[in-house]
Amino acid sequence: MNDVVAKENAVVELMRLSPLADELAERFARAGHRLYLVGGSVRDALLGRRFGDLDFTTDARPDRVLKIVSEWGDAVWDVGIAFGTVGVTKKGMQLEITTFRADSYDRVGRNPEVTFGDSIEGDLLRRDFTVNAMAVELASKTFIDPHDGLSALREKVLDTPATPQESFADDPLRMLRAARFAAQLGFTAAPRVVDAMASMAGEIDRITAERVQAELSKLLLADDPRPGLELLVDTGLADRVLPEVPGMRLAIDEHHQHKDVYQHSLTVLAQAIELEKTHEPTSEPDLILRLAALLHDAGKPATREFQPGGGVSFHHHEVVGARMARKRLRALKFSKEIIDDVSQLVFLHLRFHGYGKGEWTDSAVRRYVTDAGPLLTRLHKLVRADCTTRNRRKAAALQATYDDLEARIAALKAKEDLDRVRPDLNGEQIMELLDIKPGPDVGKAWKFLKELRLDRGPLEHDEAVAELKKWASEQGIGNS
């Protein structure tokens, strides 16, 4: 398909998918202004990808934009008006309209000196990548592509409208966006972009942890995060924002089936994503599972020991790795829930390997389920994804063993409420039976009964009472 046909098709597709854009353009034209659809919406239409919210740019100044859309939109907000952006909701769709920008940066922080421009060409020059620097002038249905973004799109190349050095100096977050687009779109960064990312990696320190985290999360939620992660590692950016990942290149996997633990972890991540799709096809991408898969072996470099005869061990790497994951995710300002869940999955990912060929008692199975809690389904996926051996017989044996464990769990769940393992007596009953008041002794008794429940399963009431009184007598607690 030649460029002329591609451009015509893009315009037709954009108009078909978004009649609101045409409607809005008419309002701007009547007010004497031009309106352009710009950025990701144009790119995604050309790629045949779904797009949601629409971004526009215009020669109208922000106060004028506000006046044009105030009676048209279902809701209008001006939170970003200082940066030239007015937001509008219409028929359930969110639109953002930004006045042409011609910003300058102090190149110390990231916030620009906001300056409004007078041309679409000047506005497109300040955009991050050429594939995002295409626009459609809506009144005339004219395709505008001053930086040959269409060719870059066809060749699946990420390049910058200005030089990468200028672009990244203005906004270092664009380096992480390059990695994110590599993951989301399957594009390759141009050599000059890669060189600039490598030489300017330290500039990312100017960006807040919250914004770094947002880009990393979007990258990991892509269909194939691997190209983006590899770009971060190869350019040294990962050393600044997620050093645990390149750090795993130091450790040789004990099975000697992978070049290093870094490559193994990327494979585990890919397999976890595949399990997401096969196990729950309609579910959203799972950030918690993906973070755990990527970081599950982060503790190996710190725990590596060389054994006589050439072997390598990583004793307790799951404990060290859980601590490292917690520290990194906290530094990146992830939520407490994500931090807790990811670190717990990392901590538990090796537990299954003690199962052997089914030697676990029912008590051990109960503890596995209880320790995983609501993370059990994710833990199943992580453990299965962690099997990356190329030995088909060994891989099949491991999967069969895990099938057996899941069957054991299902059988116990059919007999017991494994999802909520609690003592057979509650706190009020403990206090009444032992004639004690609220305090530490009640907690100790509750914990004893919880451990008993895990070991032996549900007890009859009288049996639980007898065990409690026997324990309390030995501890010198209460009237027993």
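All values derive from a computational prediction rather than experimental measurement.
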Output for pair (Asp171 CG, Leu173 CG), nearest 0.5 Å, gives 5.5 Å
Q) In terms of the angle between their ring planes, are His317 and Phe314 parallel, tilted or perpendicular, with boundaries placed at 30° and 60°? A) perpendicular
Heavy-atom closest pair (Leu269 atom, Leu220 atom, distance to 0.1 Å) is CD2-CD2, 4.3 Å
Worksheet item: How about Ile97 and Thr58: do any of their side-chain heavy atoms sit closer than 4.5 Å?
Response: yes
Side-chain donor/acceptor pairs under 3.5 Å, residues 74-86, sequence neighbours excluded:
from, atom 1, to, atom 2, distance (Å)
Asp74, OD2, Lys91, N, 2.7
Thr85, OG1, Thr98, OG1, 2.8

Note, His147 side chain near Phe129 side chain (heavy atom, < 4.5 Å): no
Q) Within the side chain of Glu318, is there an N or O that forms a donor-acceptor pair under 3.5 Å with the backbone of Phe347? A) no
Apply the test side chain to side chain contact (heavy atoms under 4.5 Å, CB included) to residues Val261 and Ser265: give CA-CA distance (whole Å), side-chain angles for both, the deciding distance (0.1 Å), then the verdict. CA-CA 6 Å; Val261 174; Ser265 297; 4.0 Å; yes
Backbone N or O of Asp371 within a donor-acceptor pair of the Gln344 side chain at under 3.5 Å? yes
Taken to the nearest 0.5 Å, the spacing of Ile288 CD1 from Ile338 CD1 works out to 5.5 Å
Those residues at least two apart in sequence (or on a different chain) that pass salt bridge (charged side-chain N to carboxylate O under 4.0 Å, His left out) with Arg43 are none
Q) Step by step, would you call Phe100 with Phe116 a ring-ring contact (aromatic ring centres under 6.0 Å, His included)? A) CA-CA 6 Å; Phe100 293 157; Phe116 299 129; over 10 Å; no
Examine distances only and state if a side-chain atom of Thr142 and a backbone atom of Leu138 form a donor-acceptor pair shorter than 3.5 Å. no
Exercise. Taking the side chain as every heavy atom from C-beta outward, state whether Phe181 and Phe187 have any pair of such atoms under 4.5 Å apart.
Key: no
Heavy-atom nearest pair, Ala331 first then Ala209, reads O-CB, 3.4 Å
Thr278 side chain to Glu274 main-chain N or O, any donor-acceptor pair under 3.5 Å? yes
_Using only atom types and a distance under 3.5 Å, with no angle test, would you say the side chain of Thr89 pairs donor to acceptor with the backbone of Gly92?_
no
With a 6.0 Å cut-off (strictly less than), is the heavy-atom count around CD of Glu337, excluding the residue itself, greater than 12? no
In Asn132, Asp128, Thr130, Leu124, the residue satisfying side-chain contact (heavy atoms from CB on, under 4.5 Å) with Pro161 is Thr130
Interatomic distance, CD@Glu96 vs CG@Leu54, rounded to 0.5 Å, equals 10.5 Å
Exam field: side chain Ser217 to backbone Gln213, donor-acceptor pair closer than 3.5 Å: yes
Inset, instruction - Identify whether the distance between the nearest side-chain nitrogen and carboxylate oxygen of Arg126 and Asp170 falls below 4.0 Å. - result: no
Residues at least two apart in sequence or cross-chain that pass side-chain hydrogen bond (donor to acceptor under 3.5 Å, both in side chains) with Arg378, listed by chain then number, are Asp286
Rounded to the nearest 0.5 angstrom, the NE2-CG distance for His380 and Leu405 is 7.0 Å
Review point. Should the pair Arg384-Glu406 be classified as a salt bridge under the 4.0 Å nitrogen-to-oxygen rule?
Key: yes
Taking C-beta and beyond as the side chain, do Ile339 and Lys336 meet within less than 4.5 Å on heavy atoms? no
*Identify whether the distance between the nearest side-chain nitrogen and carboxylate oxygen of Arg290 and Glu276 falls below 4.0 Å.*
yes
**Asked** Can you tell me if NE2 on His316 sees more than 12 non-hydrogen neighbours from other groups inside 6.0 Å?
**Response** no
Nearest heavy-atom contact between Leu158 and Ala182 is CD1-N, 3.9 Å
What I want to check is whether the side chains of Tyr368 and Arg408 have a donor and an acceptor closer together than 3.5 Å.
no
Quiz item: Can you check whether Gln399 reaches Cys387 side chain to side chain, under 4.5 Å on heavy atoms?
Solution: yes
Can you find a side-chain donor-acceptor pair between His264 and Thr388 that sits under 3.5 Å?
-> yes
Shortest non-hydrogen pair, Thr160 vs Thr163, comes out as OG1-C, 3.5 Å
Exercise. Going through the distances and angles, do Lys333 and Glu210 end up as a salt bridge (charged side-chain N to carboxylate O under 4.0 Å, His left out)?
Worked result: CA-CA 6 Å; Lys333 307 294 185 183; Glu210 291 84 353; 5.0 Å; no
Here the salt bridge (Lys or Arg N to Asp or Glu O under 4.0 Å) pairs for residues 185-202, sequence neighbours left out, are Asp159-Arg192
Would you say the ring centers of Phe56 and Tyr36 fall short of 6.0 Å from each other?
no
>> With heavy-atom distances below 4.5 Å as the criterion, would you say the side chains of Phe334 and Leu291 are in contact?
In response: yes
**OP:** Carefully, step by step, assess Arg61 and Asp118 under the rule salt bridge (charged side-chain N to carboxylate O under 4.0 Å, His left out).
**Re:** CA-CA 10 Å; Arg61 293 305 191 248; Asp118 297 308; 3.2 Å; yes
d(Leu287 CG, Leu221 CG) to nearest 0.5 Å is 5.0 Å
For His349 and His296, take the angle between the two ring planes, folded into 0 to 90°, and tell me which bin it lands in: parallel under 30, tilted 30 to 60, perpendicular over 60.
perpendicular
Any heavy-atom pair between the side chains of Leu153 and Met134 that's under 4.5 Å?
yes
Arg34 (side chain) donor-acceptor with Ala25 (main chain) under 3.5 angstrom: no
In this structure, CG of Leu345 is separated from CG of Leu382 (nearest 0.5 Å) by 6.0 Å
Here the pair of heavy atoms bringing Asp340 nearest to Ser343 is O-OG, 3.1 Å
* To do: Flag the pair Ile273 / Lys277 as yes when at least one side-chain heavy-atom distance between them is below 4.5 Å, and no otherwise.
  => yes
For a quick check under 3.5 Å, do Ser151 and Asp148 share a side-chain donor-acceptor pair by atom type? yes
Sequence neighbours left out, cut at 3.5 Å: what donor-acceptor pairs do the side chains of residues 228-237 make with other protein atoms?
from, atom 1, to, atom 2, distance (Å)
Glu230, OE2, Arg226, NE, 3.1
Thr235, OG1, Leu231, O, 2.8
Thr235, OG1, Leu232, O, 3.3

Check your understanding: When you measure from the side chain of Arg206 to the backbone N and O of Ala169, does any donor-acceptor pair fall under 3.5 Å?
Key -> yes
Could you pull out all donor-acceptor pairs under 3.5 Å where a side-chain atom in residues 239-248 meets a protein atom, sequence neighbours excluded?
from, atom 1, to, atom 2, distance (Å)
Arg240, NH2, Asp205, OD2, 2.3
Glu244, OE1, Arg328, NE, 3.0
Glu244, OE2, Arg328, NE, 3.0
Glu244, OE2, Arg328, NH2, 3.4

